[in-house]
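Data block below; observations after.
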Amino acid sequence: MAALLVWIDAAAQTPVEELIVRYGEVKGARSFVARGTTVIFARGLLRNYELAPIANEVEELYVLRMGGASRQEQDNFMSDLKETLKVYEYYGMFDGKEGLVDIYVTRCVPDTVSELVIYNPELWSLNSLEGNFSVSSLLSLVKDDPAEDISE
């Protein structure tokens with residue numbers, strides 16, 4: 001029965017969440033997953049960042065920091081991340097509290113985002129926020145227009 005529950009939980013993860021869980025076990029990496037009652041704590045942390053206006057809409061939060069991992073593991077992570085992000089819609093590059101970040105989204109309907117993915121290359125930090133975020137609430141977070149898509 002326990003194996004079935006683990007399988008169901010793993011099947012429900014998004015591609016970025018799967019990547020975070022997989023690399024969270026790498027030596028030197030740090031990861032954090034908040035869902036259920038622990039998401040209440042995570043929402044409090046989010047209120048210290050630019051994401052404060054949408055903190056209450058976050059239903060699950062996955063965080064990975066690869067800065068302490070070996071160079072080889074970081075290279076492997078980057079390769080896997082680039083491949084994983086191909087299934088996401090690139091939203092833009094923004095200047096946040098901790099530097100420039102790339103934003104990717106998954107839309108469940110045209111005006112609603114179900115997953116917000118934030119990658120900070122300087123910090124080797126990857127975040128996945130799941131919820132039902134209206135596009136208008138996400139646009140309210142932006143002080144300036146997103147930078148040009150430089151990934152192409």
Side-chain angles (χ1 to χ4, degrees), residues 2-3 5-107 113-133 137-138 140-144 146-152:
L5 292 175
V6 170
W7 178 81
I8 290 171
D9 185 49
Q13 291 177 335
T14 69
V16 165
E17 291 169 349
E18 289 176 13
L19 187 72
I20 289 172
V21 169
R22 182 167 22 120
Y23 278 92
E25 297 184 18
V26 166
K27 184 178 179 183
R30 294 186 340 232
S31 65
F32 171 77
V33 175
R35 60 183 156 214
T37 57
T38 58
V39 82
I40 295 167
F41 169 74
R43 288 176 184 151
L45 294 175
L46 289 173
R47 289 187 184 98
N48 295 321
Y49 295 90
E50 291 89 351
L51 299 170
I54 63 164
N56 286 338
E57 298 170 33
V58 175
E59 295 169 6
E60 290 188 10
L61 173 68
Y62 284 68
V63 177
L64 175 67
R65 302 228 183 227
M66 289 292 292
S70 72
R71 185 66 188 163
Q72 179 63 43
E73 289 294 352
Q74 289 175 339
D75 289 345
N76 292 342
F77 168 72
M78 266 319 294
S79 176
D80 289 344
L81 177 62
K82 285 179 182 178
E83 192 61 32
T84 300
L85 291 174
K86 288 180 180 179
V87 300
Y88 289 85
E89 178 183 341
Y90 185 72
Y91 188 71
M93 182 180 283
F94 299 90
D95 193 9
K97 187 176 184 176
E98 296 184 340
L100 288 175
V101 296
D102 287 307
I103 307 291
Y104 297 83
V105 298
T106 300
R107 294 178 196 250
V113 168
S114 59
E115 183 181 16
L116 181 65
V117 175
I118 304 167
Y119 177 62
N120 184 323
E122 291 178 41
L123 300 177
W124 291 90
S125 174
L126 179 63
N127 303 279
S128 168
L129 294 84
E130 270 197 80
N132 288 308
F133 312 107
S137 70
L138 294 176
S140 72
L141 301 175
V142 181
K143 293 177 182 73
D144 298 317
E148 270 186 59
D149 182 356
I150 60 173
S151 64
E152 296 182 317

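When a residue number appears, it is its place in the shown sequence, counting from 1.
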Sequence neighbours excluded - ring-ring contact (aromatic ring centres under 6.0 Å, His included) pairs with any residue from residues 19-41: Tyr23-Phe77
Any donor-acceptor N/O pair, Thr84 side chain to Val16 backbone, under 3.5 Å: no
Ring pair (Phe, Tyr, Trp, His ring centres under 6.0 Å) against Tyr88, all qualifying residues, sequence neighbours excluded: none
Counterpart residues, ring pair (Phe, Tyr, Trp, His ring centres under 6.0 Å), relative to Tyr119 (two or more places apart): none
Shortest non-hydrogen contact from [X] to [Y]?
| X | Y | value |
| --- | --- | --- |
| Glu83 | Lys86 | OE1-NZ, 3.1 Å |
| Glu57 | Ser137 | OE1-OG, 3.9 Å |
| Val39 | Val58 | CG2-O, 3.7 Å |
| Ser31 | Gly24 | OG-CA, 3.6 Å |
| Ala55 | Arg47 | CB-CG, 3.9 Å |

Distance, nearest 0.5 Å, that separates OH of Tyr91 from CG of Asp102: 13.5 Å
From CE (Met66) to CD (Glu73), nearest 0.5 Å: 6.0 Å
Those residues that, when tested against [X], pass salt bridge (charged side-chain N to carboxylate O under 4.0 Å, His left out) (two or more places apart):
| X | result |
| --- | --- |
| Asp80 | Arg22 |
| Arg65 | Glu98 |
| Lys97 | none |
| Glu89 | Arg107 |

Taking the side chain as everything from C-beta on, heavy atoms only, tell me whether [X] gets closer than 4.5 Å to [Y].
| X | Y | result |
| --- | --- | --- |
| Ser128 | Glu115 | yes |
| Leu61 | Leu45 | no |
| Leu81 | Leu126 | yes |

Set of side chain to side chain contact (heavy atoms under 4.5 Å, CB included) partners for [X], sequence neighbours left out:
| X | answer |
| --- | --- |
| Glu122 | Asn120 |
| Glu60 | Glu17, Arg35, Tyr62, Glu130 |
| Asp95 | Leu100 |

Pairing residues for Asn76 by the side chain to side chain donor-acceptor pair (under 3.5 Å) criterion, not counting sequence neighbours: Gln72
Steps toward side-chain contact (heavy atoms from CB on, under 4.5 Å) verdict (Leu116, Leu138): CA-CA 9 Å; Leu116 181 65; Leu138 294 176; 4.1 Å; yes
Contact list for residues 36-46, test side chain to side chain donor-acceptor pair (under 3.5 Å), sequence neighbours left out: none
CZ (Arg30) with more than 12 external heavy atoms under 6.0 Å: no
side-chain contact (heavy atoms from CB on, under 4.5 Å) between Leu51 and Ile118, intermediate numbers included: CA-CA 11 Å; Leu51 299 170; Ile118 304 167; 3.7 Å; yes
